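These notes concern the structure reproduced below.
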Amino acid sequence: MIIHQREIRYCEDYAAFFEALGKVKAYLEQKNPEVSVDIMYSLAGERGWAVIQTRYPSLAYYERIDGEMDKDENYVKLFEAVMDKSEESPVDQFYRVIE
C-alpha cells in the first residue's frame, strides 16, 4: 500500500479553506471510491498546515489516478480553489506501508 500525503499551508480564512478541501475530498472519493482520503490538521507543533492523506494499493495505481485527476477539469478547478487560499506551495510525501 502507498500513502500520499500533501501538506498545505492555510490562511486566516480557514473555514473557506477547509470547505474547499472537503469538496476536493468528496469529488476524489466519488470518482474513485476505492481511494481512501483523510483531511487532517495538527493539534500540536507548527500550526497552520492541513494534511490530505490518500491511500492506494500500489504506486502504479496512484500514478494512474493522479494522471486522470490532472486531466479532469472539475477536479483541477476544485483544487485551484484550495490553492488560492494557501499561503505556500504544498509539500508532498510518499510512504510505502510495511505489511
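Note that the coordinates shown come from a computational prediction; the quantities given were computed from them, not determined experimentally.
How far CG of L28 is from CG of L78: 10.5 Å, rounded to the nearest 0.5 Å. Between atom CD of residue Q30 and atom CG of residue N74 there is a gap of 9.5 Å, rounded to the nearest 0.5 Å.
For the residue pair Y56 and T54, a side-chain donor N or O sits within less than 3.5 Å of a side-chain acceptor on the partner. The closest side-chain donor-acceptor pair between Y75 and D70, if any, does not fall under 3.5 angstrom.
Following chains of ILVMFWY side-chain contacts shorter than 4.5 Å, one can reach M69 starting from L59, so the two form part of one hydrophobic cluster. Transitive grouping of hydrophobic side chains (ILVMFWY, heavy atoms separated by less than 4.5 Å) brings Y27 and F79 into a common cluster. There is a path of hydrophobic side-chain contacts, each under 4.5 Å, that joins F94 to I52. A single hydrophobic cluster is seen to contain both I2 and I65, as judged by linkage of ILVMFWY side chains at heavy-atom distances under 4.5 Å, directly or through other members.
Contact check for Q5 versus D92: no side-chain heavy atoms found under the 4.5 Å cut-off. Within the 4.5 Å cutoff, the side chain of E68 has heavy atoms near those of the N32 side chain. Taking the side chain as every heavy atom from C-beta outward, M40 and Q53 approach each other to under 4.5 Å. In this structure the side chain of Y62 never reaches within 4.5 angstrom of the side chain of V35, judged on heavy atoms. By the 4.5 Å heavy-atom criterion applied to side chains, E7 and Q93 are counted as neighbours. Contact annotation: the side chain of R55 never approaches that of V37 to less than 4.5 Å [non-hydrogen atoms, C-beta and beyond].
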| Where do Y61 and E34 land on the side-chain hydrogen bond (donor to acceptor under 3.5 Å, both in side chains) test, with the steps shown first? | CA-CA 11 Å; Y61 196 88; E34 63 280 6; 2.2 Å; yes
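Not one N or O on the side chain of K25 forms a donor-acceptor pair closer than 3.5 Å with the backbone of I39. Under a 3.5 Å cut-off, the side chain of E99 and the backbone N or O of M1 do form a donor-acceptor pair.
Y41 and F18 have tilted rings, their planes meeting at an angle from 30° to 60° on a 0 to 90° scale.
The minimum heavy-atom distance linking F17 with A50 is given by the pair CE2-CB, 3.5 Å.
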